[in-house]
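Here the structure is laid out as structure tokens; the discussion comes afterwards.
It should be emphasised that the depicted structure is a prediction, and the values quoted were computed from it without experimental measurement. Values reported hereafter were calculated over all heavy atoms of this structure, with side chains retained and with hydrogens, waters and symmetry mates removed. The chain is numbered in sequence order, starting from 1.
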Amino acid sequence: MNDEPGSTRTPGAWFLPSPWRETRVAVVVPTYNEAGNLGELAERIFALDLPNLRLIIADDDSPDGTGALADDLAKHANEERDERMVVLHRTVKEGIGRAHIAGMRAALERGDDYVVQMDGDLSHRPEYIPHLLGTILATQAGVVIGSRYVVGGSLSTQWGRHRRLLSRFAGLYVNTILNLGIRDPTGGFKIWHRDALEGIDLTAIRSDGYSFQVEMNHRCKQLGRSIVEMPIHFEERNAGSSKISLAVQFESMLTPFALRFRRR
């Protein structure tokens, strides 16, 4: 599944043979003030050799014009194939978890069989998408996580010691409480099997912020579906700034306890 010799395909991206490359896959990207990144992100996603790939942008009414830029990109993308790019304009900023759910539901409604979730800041390399798709097709897992902390995974050299320790502690904290057995339980670059998403019941998800990742993993494990981790290199964001507020951090601390002790 590597690049073919002399191929003009995107460098670094796997070549998937038929019928795998024809799989219906949606890439869901929540955005808030990502105008500086969206153009390059869309270009790199559409350069992948996946003819039935759909890009779904869930924009939370970005004041920097991300939504308008997405509409313009979609207009051109959809000249090639109807709904190749879908833009969801959300009028309230409810958090990255809510935006992901909106995008996932849109993918399921359109009949996509696999759903990728990734950030819009280019910290997740789009070229890993065929790797994720190939891995989930080969393993039939409920979800495959692009992991920073399995063998072969790595972090940007721009991450300082404090940030690295905080990320590692978050993973240890989550696993201690929920016993997920995942090296990167807070990672946000994933691909889901539609059956797993339907079994989880997206309408029942309560997390709004980044703890959404933990809750989704927990519910997947409760379903009895396997969770596979695949190594990735995690980049520093390309442009803009982080949106992690104190409220989001507080939710992330409470969510593992709520999931463990919540009445079923």
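- Legend: residues meeting side chain to side chain contact (heavy atoms under 4.5 Å, CB included) with Val28, ordered by chain and number and at least two apart, are Ile56, His100, Val115.
- You'll find the side chain of Leu41 stays beyond 4.5 Å of the side chain of His124, heavy atoms only.
- Here the side chain of Asp72 pairs no donor or acceptor atom with the backbone of Ala68 at under 3.5 angstrom.
- No chain of hydrophobic side-chain contacts below 4.5 Å, direct or via other Ile, Leu, Val, Met, Phe, Trp or Tyr residues, connects Leu165 to Tyr173.
- Between the Asp113 side chain and the Arg194 main chain, no donor and acceptor come within less than 3.5 Å of each other.
- Contact check for Trp192 versus Leu132: no side-chain heavy atoms found under the 4.5 Å cut-off.
- Put simply, the side chain of Pro130 reaches to within 4.5 Å of the side chain of Leu48, judged on heavy atoms.
- The backbone N or O of Ile227 lies less than 3.5 Å from no partner atom in the side chain of Lys221, so there is not a single donor-acceptor pair.
- Pairs of residues two or more places apart, or lying in two chains, that qualify as salt bridge (charged side-chain N to carboxylate O under 4.0 Å, His left out) and include a residue from residues 55-67 are Asp60-Arg90.
- Here the closest heavy-atom approach between residue Asn52 and residue Arg81 is recorded as C-NH2, 4.0 Å.
- Side-chain contact between Trp20 and Leu133 is absent, with no heavy atoms from C-beta onward closer than 4.5 Å.
- Residues satisfying the ring-ring contact (aromatic ring centres under 6.0 Å, His included) test with His131, not counting sequence neighbours, are Trp14, Tyr128.
- A donor-acceptor pair is defined here as one N or O able to donate and one able to accept, closer than 3.5 Å; such a pair exists between the side chain of Arg98 and the backbone of Ser207.
- Under a 3.5 Å cut-off, the side chain of Ser147 and the backbone N or O of Met230 do not form any donor-acceptor pair.
- The shortest non-hydrogen separation linking Glu127 to Arg44 is OE1-NH2, 2.7 Å.
- Leu172 and Tyr149 sit in two unconnected hydrophobic clusters of ILVMFWY residues. Membership requires side-chain heavy atoms under 4.5 Å apart, directly or through other members.
- Under a 3.5 Å cut-off, the side chain of Asp184 and the backbone N or O of Arg148 do form a donor-acceptor pair.
- The minimum heavy-atom distance between Cys220 and Val143, with the atom names listed, is SG-CG1, 3.9 Å.
- Minimum interatomic distance between Ala26 and Asp112 (heavy atoms only, all atoms of both residues): CB-OD2, 3.4 Å.
- Side-chain atoms of Ser62 come within 3.5 Å of backbone N or O of Asn33 as a donor-acceptor pair.
- Residues passing the side-chain hydrogen bond (donor to acceptor under 3.5 Å, both in side chains) test with Glu80 are Arg84, sequence neighbours excluded.
- Hydrophobic cluster membership differs between Val150 and Leu155, with clusters built from Ile, Leu, Val, Met, Phe, Trp and Tyr side chains linked at under 4.5 angstrom.
- In this structure, Leu73 and Val87 have side chains that are not in contact, with every pair of non-hydrogen atoms separated by 4.5 Å or more.
- In this structure, His218 and Val174 have side chains that are not in contact, with every pair of non-hydrogen atoms separated by 4.5 Å or more.
- Here the closest non-hydrogen pair linking Gly153 and Pro231 is N-CB, 3.4 Å.
- With hydrogens and angles disregarded, no donor-acceptor distance shorter than 3.5 Å links the side chain of Ser167 to the backbone of Arg164.
- Contact annotation: the side chain of Arg110 approaches that of Val86 to within less than 4.5 Å [non-hydrogen atoms, C-beta and beyond].
- Under the 4.5 Å side-chain heavy-atom criterion for grouping Ile, Leu, Val, Met, Phe, Trp and Tyr, Val92 is not connected to Ile96 through any hydrophobic cluster.
- Shown here for His233 and Ser156, the closest heavy-atom pair between the two residues is CE1-N, 3.8 Å.
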Handout entry: Pair Ile136-Val228, side-chain contact (heavy atoms from CB on, under 4.5 Å): steps then yes or no
Key = CA-CA 8 Å; Ile136 199 168; Val228 173; over 6 Å; no
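- In this structure, Thr186 contributes its side chain and Gly171 its backbone to no donor-acceptor pair below 3.5 Å.
- Between Arg125 and Glu235 a salt bridge is recorded (basic side-chain N to carboxylate O distance below 4.0 Å).
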Practice task
Quick one: do Glu34 and Asp121 satisfy side-chain contact (heavy atoms from CB on, under 4.5 Å)? Show the steps, please.
Solution key: CA-CA 7 Å; Glu34 297 292 359; Asp121 58 9; 3.9 Å; yes
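- Here the CD1-CD1 distance, from Ile45 to Ile129, works out to 4.5 Å after rounding to the nearest 0.5 Å.
- Shown here are the side chain to side chain contact (heavy atoms under 4.5 Å, CB included) partners of Ser18, two or more places apart in sequence or in another chain: Arg21, Glu22.
- Of the possible donor and acceptor atoms, one in the side chain of Arg24 sits under 3.5 Å from a partner among the backbone N and O of Gly111.
- One distance of note links CZ of Phe212 with CG of Leu202; it measures 7.0 Å at 0.5 Å rounding.
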Handout entry: Criterion side-chain contact (heavy atoms from CB on, under 4.5 Å) on Thr23 and Leu16, from CA distance to verdict
Key = CA-CA 10 Å; Thr23 300; Leu16 296 180; over 6 Å; no
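- Proximity of His89 to Asp71: side-chain heavy atoms (C-beta onward) are separated by under 4.5 Å at one or more points.
- Asp201 is linked by a side chain to side chain contact (heavy atoms under 4.5 Å, CB included) to Thr203, Ala204, counting only residues two or more places apart in sequence or in another chain.
- A salt bridge does not link Glu79 to Lys75: none of the charged nitrogens lies less than 4.0 Å from a carboxylate oxygen.
- Rounding to the nearest 0.5 Å places CD of Glu215 at 4.0 Å from CD1 of Ile205.
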Practice task
Begin with the C-alpha distance, continue with both residues' side-chain angles, and end with the deciding distance and a verdict on side-chain contact (heavy atoms from CB on, under 4.5 Å) for Ile145 and Asn217.
Solution key: CA-CA 10 Å; Ile145 301 172; Asn217 291 335; 3.9 Å; yes
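- If you take OG1 on Thr31 and CD1 on Ile57, they are separated by 5.5 Å, rounding to the nearest 0.5 Å.
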